[in-house]
Amino acid sequence: MIQSVKGTKDILPDSIAQWQFLENQFRIVSAKYGYREIRTPVFEKTEVFSRGIGEETDIVNKEMYTFADRNGDLLTLRPEMTAPLVRAVIQNNLLEANPTLKLWYAGPLLRYERPQKGRMRQFHQYGAECIGTVNPEADVELLLLADCLIKSVGIQEYRLLLNTLGNDNVRLIYKNELINYLSKFKEELSEESKNRLDKNPLRVLDSKHPADAQIIAGAPQILDFLDEESASHFNFVRGSLDALNIKYEITPRLVRGLDYYCHTVFEFQSSALGAQDSFGGGGRYNKLFEELGGKACPAVGFAFGIERILIILEAINKLPQISDTVHVSIINLDVKNFVYAQNIAEQLRAKGLNVACDLQRRSMKAQMREANRLNVKYAIIIGPDEVEKQTMILKNMSDASQREIGISEINSLEI
Ligand code: HAM
């Protein structure tokens with residue numbers, strides 16, 4: 001038997017209603033905040049990600065599914081959607097008509113990671129991006145959207161971790177401070193952190209190596225290096241969140257795993273998740289448009305991991321229980337009358353009803369058993385007599401009452 005690829009999962013019919021429920025909430029809530037949906041291809045030229053996310057990140061370094069196609073072009077299955085979305089906005093001139101553009105997306109992503117609960121090689125995200133303004137109002141409104149989405153799917157408790165990475169200048173000064181500090185411990189750092197020390201010292205703060213933990217705990221904090229512009233942006237965000245009653249925790253070492261961020265960065269965590277406790281994250285990215293060859297344009301966004309939201313809902317017992325609905329079962333007693341039965345089914349479907357017909361040539365008893373299993377409101381029984389008279393027996397399954405009706409009555413039937 002051929003197995004699915006490690007780290008991927010089939011979403012089976014029994015759980016599809018949960019996905020549709022989430023997708024519906026995403027659509028409804030995004031519209032409330034003025035966000036419109038965008039769908040981009042599942043693969044892109046590799047440079048969209050190598051330039052966009054940063055060469056020294058885990059994603060670009062070790063997690064991308066990259067291949068040369070038959071033409072020799074280097075392509076990558078998307079590991080995230082922000083860079084492709086920016087590529088699409090530039091290419092389609094979407095900013096020409098809209099000085100601020102609010103877009104959302106949902107779809108599959110691929111990262112070559114070590115699979116474990118909540119960490120897959122193909123997973124799904126919902127994301128939202130507010131493009132076209134440097135103002136912190138956008139950061140705040142986006143966090144309101146995130147809060148509304150989280151609550152709309154049934155999660156009441158979560159933690160919002162908040163930090164700022166300041167502007168370019170602040171980061172430059174801070175990076176030097178960090179290099180000075182970390183260099184003192186160079187020999188004690190993990191191999192990976194040692195390698196990153198000079199090229200991308202912020203990544204060291206993200207290290208999960210036990211060897212690095214204590215050193216990182218004593219590292220200087222970026223909050224102590226903010227200039228006026230960076231402090232004023234961050235204070236606006238904090239002040240507004242306080243006043244709007246959105247709870248957050250300042251987390252000075254939160255740097256996120258992608259290089260495009262500046263100013264506000266944040267993550268959503270839930271104690272209902274295990275080791276992978278982050279179910280979403282995002283922040284401001286004011287340089288990505290230029291990195292990808294567009295005109296300078298500031299933006300801010302976030303993404304949720306949909307599988308992780310489902311894990312939380314399961315843990316807190318809030319997974320929506322929605323079953324498929326079948327309204328009518330057609331019980332046909334003789335295969336000779338198959339077309340007669342299908343014609344009735346088609347008329348009912350045209351009225352908007354979901355109709356099941358037997359395809360197994362089962363006995364009447366077995367067909368009735370199936371109708372009960374499907375929990376239909378009505379069964380329509382067709383025997384030779386009914387075909388002869390151009391009628392059918394309509395059986396109400398809740399009280400077992402039944403009556404004969406003519407074919408011509410289907411249109412006026414209230415089911
Ligand atoms: P990210 O933090 O890499 O950010 O991913 C966002 C979320 O996707 C994570 O918090 C997690 O819930 C989910 N996720 C990531 N990797 C996996 C995985 N291997 N298996 C299951 N779930 C996973 C981004 O992707 C940015 N593009 C977010 C963003 C949007 N920033 C600005 N705009």
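Every number for a ligand or one of its atoms is a count from 1 in the order of the listing.
Among all protein heavy atoms, the one lying closest to atom 14 (N) of ligand 1 is Phe123 CE1, 3.4 Å. When hydrogens are left out, the protein atom nearest atom 27 (N) of ligand 1 is Glu80 OE1, 2.7 Å; that is the closest non-hydrogen contact. Shortest contact from atom 7 (C) of ligand 1 to any protein heavy atom: Gln125 NE2, 3.7 Å. At the shortest separation from atom 21 (C) of ligand 1 among protein heavy atoms lies Gly118 O, 3.2 Å. Counting protein heavy atoms only, atom 4 (O) of ligand 1 is closest to Arg256 NH2, 3.0 Å. When hydrogens are left out, the protein atom nearest atom 11 (C) of ligand 1 is Arg308 NH1, 3.5 Å; that is the closest non-hydrogen contact. For atom 19 (N) of ligand 1, the nearest non-hydrogen atom of the protein is Glu113 OE2, 2.6 Å.
Partners of Tyr285 by ring-ring contact (aromatic ring centres under 6.0 Å, His included), not counting sequence neighbours, listed by chain and number: Tyr260.
Checked against a 6.0 Å centroid threshold, the rings of Phe234 and Phe236 do not count as neighbours. For Tyr126 and Trp104, the gap between ring centers is short of 6.0 Å.
Between Glu307 and ligand 1, no N or O atom pair is found at a separation short of 3.5 Å. The distance criterion of under 3.5 Å between nitrogen or oxygen atoms is met by Phe279 with respect to ligand 1. For ligand 1, one of its N or O atoms has an N or O atom of Gly305 under 3.5 Å away. When only interatomic distances are considered, the shortest N/O to N/O separation between Glu129 and ligand 1 falls below 3.5 Å. At a 3.5 angstrom cut-off on N or O pairs, Met120 counts as close to ligand 1. Residue Ala303 places no N or O, backbone or side chain, under 3.5 Å from any N or O of ligand 1.
Using a 4.0 Å cut-off between heavy atoms, Tyr260 contacts ligand 1 through its side chain alone, with no backbone atom that close. Only the side chain of Tyr105 comes within 4.0 Å of ligand 1, judged by heavy-atom distances. Of all the heavy atoms of Val300, none lies under 4.0 Å from any atom of ligand 1, so neither backbone nor side chain is involved.
Residue contacts with ligand 1: Gly257 is excluded, as none of its non-hydrogen atoms falls under 4.0 Å. In this structure, Ser278 has a heavy atom closer than 4.0 Å to ligand 1.
The ligand atoms of ligand 1 that sit less than 4.0 angstrom from a heavy atom of Gly301 are 30 (C), 31 (N), 32 (C), 33 (N). For ligand 1, the atoms sitting less than 4.0 Å from at least one non-hydrogen atom of Gly280 are 10 (O), 12 (O), numbered in the order shown with element in parentheses. Using a 4.0 Å cut-off to heavy atoms of Gly282, the atoms of ligand 1 that qualify are 31 (N). If you number the atoms of ligand 1 from 1 as listed, the ones under 4.0 Å from a heavy atom of Arg119 come out as 19 (N), 20 (N).
Met364 CE to Ile382 CD1: the interatomic distance, rounded to the nearest 0.5 Å, is 11.5 Å. Separation of atoms SG (Cys148) and OH (Tyr33) is listed at 4.0 Å; rounding is to 0.5 Å.
Taking every heavy atom of both residues into account, Lys247 and Leu160 meet most closely at O-CB, 3.6 Å. Nearest heavy-atom pair, Ala146 versus Phe268, reported as atom, atom and distance to 0.1 Å: CB-CZ, 3.5 Å. Counting all heavy atoms, side chain and backbone alike, Leu182 lies closest to Leu189 at O-CD1, 4.1 Å.
Comparing heavy-atom distances from atom 31 (N) of ligand 1 across Tyr285, Tyr261, Phe302 singles out Tyr261 as nearest.
Within a 6.0 Å sphere centred on CZ of Phe185, heavy atoms belonging to other residues, nucleotides or ligands number more than 12. In this structure, Glu137 places its CD atom where more than 12 heavy-atom neighbours from other residues, nucleotides or ligands lie under 6.0 Å away.
The pair Lys151-Asp147 counts as a salt bridge, with a side-chain nitrogen and a carboxylate oxygen less than 4.0 angstrom apart. Looking at Lys62 and Glu192, a side-chain N of the basic residue comes within less than 4.0 Å of a carboxylate O on the acidic one, giving a salt bridge.
With Lys175 contributing its side chain and Lys199 its backbone, the two residues share no donor-acceptor pair below 3.5 Å.
Side-chain contact annotation: Asp227 with Ser230, donor-acceptor N/O pair under 3.5 Å present.
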